[in-house]
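Position 1 is the first residue of the sequence, and the numbers go up from there. Hydrogens, waters and symmetry mates are skipped; everything else that's a heavy atom, side chains included, is used.
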Amino acid sequence: MTDLKDIVNATTGVIEILKSNETESMPSLASALPRGIDPLSTDPTWSNTPQVMKLKLVYPPRVRIPVITEDDDMTLGVRWNYNGQVGGHGRFIKDLEAFVILGHTSVTVRYDVLVKFSETGTPIGPEPIAMLTGSLNVRVGSSVYGSTFSQFFGVRVFGNGAGDITQITA
């Protein structure tokens, strides 16, 4: 029998999902499953509809000129399937994907978003319920001012469909 509390994620490393205001898909999706378990071999207990979590970000222009300048906006998000079981036990995560929806962007501002999910999932409780953590790094650069800053966001998703995105640094 597989150790249900030895939860791993096969998709590791830093992935760029927004580069110079152009969105990109994750090349492979993350998961939180017991070591050695293929996501396709799990029980048919997965959620029919993926869970989706979004966080809207708004960046005001450096110089506000009425009617001419607007706020820049983007939405960070993750979607995942949950409630999957292995041999009738546990609640695990598969097909976890981070995404960016880009709204208005100023011509002189460049946005990049990097994502990284942890290599292991944390088992919670005797069932266990898998938890996978990750981080999103939003980098903002200006071709006019030459300045760049980053914001970091933490992501937690659970095998029961719960989750949150919180800002770590400003």
Side-chain angles (χ1 to χ4, degrees), residues 7-59 70-86 90-122 129-143 148-169:
I7 300 171
V8 296
N9 172 22
T11 302
T12 60
V14 176
I15 302 167
E16 196 160 29
I17 58 173
L18 182 70
K19 182 176 184 176
S20 296
N21 300 349
E22 295 291 327
T23 58
E24 299 180 15
S25 296
M26 286 180 57
S28 58
L29 305 179
S31 62
L33 292 166
R35 187 178 305 279
I37 298 295
D38 180 347
L40 299 177
S41 70
T42 55
D43 292 352
T45 53
W46 293 100
S47 55
N48 289 330
T49 305
Q51 182 67 294
V52 178
M53 194 169 43
K54 297 178 185 177
L55 177 67
K56 184 163 182 151
L57 304 175
V58 176
Y59 297 96
E70 297 181 48
D71 292 342
D72 286 357
D73 67 89
M74 77 170 70
T75 302
L76 302 177
V78 292
R79 67 171 86 37
W80 71 100
N81 289 329
Y82 59 97
N83 272 345
Q85 296 185 323
V86 174
R91 288 195 266 175
F92 300 100
I93 300 163
K94 74 174 184 175
D95 300 337
L96 172 60
E97 178 182 27
F99 62 90
V100 176
I101 300 170
L102 203 55
H104 175 268
T105 56
S106 302
V107 176
T108 61
V109 180
R110 184 190 76 252
Y111 295 95
D112 300 308
V113 177
L114 304 168
V115 63
K116 180 173 180 12
F117 290 105
S118 59
E119 295 177 9
T120 60
T122 304
I129 296 173
M131 175 181 75
L132 195 62
T133 59
S135 62
L136 293 159
N137 176 2
V138 177
R139 297 185 304 191
V140 183
S142 170
S143 59
T148 302
F149 70 91
S150 289
Q151 287 182 295
F152 289 91
F153 298 86
V155 176
R156 290 186 311 170
V157 298
F158 296 88
N160 65 358
D164 55 46
I165 302 174
T166 54
Q167 185 170 348
I168 299 170
T169 63

- Query: Would Val157 and Gln51 satisfy side chain to side chain contact (heavy atoms under 4.5 Å, CB included), going step by step from the backbone distance to the final call?
  - Reply: CA-CA 9 Å; Val157 298; Gln51 182 67 294; over 6 Å; no

- Check step by step if side chain to side chain contact (heavy atoms under 4.5 Å, CB included) holds for Glu16 and Leu114. CA-CA 4 Å; Glu16 196 160 29; Leu114 304 168; 3.6 Å; yes

- Query: Stepwise, does the side chain to side chain contact (heavy atoms under 4.5 Å, CB included) test hold for Val109 with Tyr59?
  - Reply: CA-CA 10 Å; Val109 180; Tyr59 297 96; over 6 Å; no

- Message: Phe153 vs Val113, test: side chain to side chain contact (heavy atoms under 4.5 Å, CB included). Steps then yes/no.
- Response: CA-CA 11 Å; Phe153 298 86; Val113 177; over 6 Å; no

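What you find for Ile15 and Pro27 is that their closest heavy atoms are CG2-CD, 3.7 Å. Listed here is the closest heavy atom pair of Leu136 and Ala98: CD2-CB, 4.2 Å. Here the closest heavy-atom approach between residue Gly77 and residue Ile165 is recorded as CA-CD1, 4.4 Å. The two residues Ile129 and Phe158 make their nearest non-hydrogen contact at CG2-CB, 4.4 Å. Closest non-hydrogen pair, Ser31 versus Lys94, comes out as CB-CA, 3.9 Å. Nearest heavy-atom pair, Ile37 versus Leu33, reported as atom, atom and distance to 0.1 Å: O-CD1, 4.0 Å.
With Asn9 contributing its side chain and Thr120 its backbone, the two residues share no donor-acceptor pair below 3.5 Å. Between the side chain of Asp95 and the backbone N or O of Trp80 there is no donor-acceptor pair closer than 3.5 Å. At distances below 3.5 Å, not a single donor-acceptor pair connects side-chain atoms of Asp164 with backbone N or O atoms of Met53. Using a distance-only test at 3.5 Å, with no hydrogens or angles considered, a donor-acceptor pair links the side chain of Thr11 to the main chain of Leu29. A side-chain donor-acceptor contact under 3.5 Å links Ser118 to the backbone of Thr133.
In the displayed structure, Glu24 atom CD is contacted under 6.0 Å by more than 12 heavy atoms of other residues, nucleotides or ligands.
Note that NE2 of His104 is 9.0 Å distant from CG of Asp71, once rounded to the nearest 0.5 Å. Taken from CG in Leu102 to CG in Asn21, the straight-line distance is 5.5 Å, to the nearest 0.5 Å. Atoms CZ and CG, from Phe152 and Asn137 in turn, are 3.5 Å apart once rounded to the nearest 0.5 Å. Taken to the nearest 0.5 Å, the CZ atom of Phe99 stands 11.5 Å off from the OG1 atom of Thr23. Note: Arg139 CZ to Lys19 NZ = 9.5 Å, rounded to the nearest 0.5 Å. Taken from NZ in Lys56 to CD1 in Ile101, the straight-line distance is 9.5 Å, to the nearest 0.5 Å.
Here the side chains of Val115 and Ser135 are not in contact, with every heavy-atom distance at 4.5 Å or above. Using a 4.5 Å heavy-atom cutoff, the side chains of Leu18 and Asp112 are not in contact. In this structure, Phe117 and Val78 have side chains that are in contact, with non-hydrogen atoms separated by less than 4.5 Å.
Ser47 and Asn83 form no side-chain donor-acceptor contact under 3.5 Å, judged by distance and modelled atom types alone.
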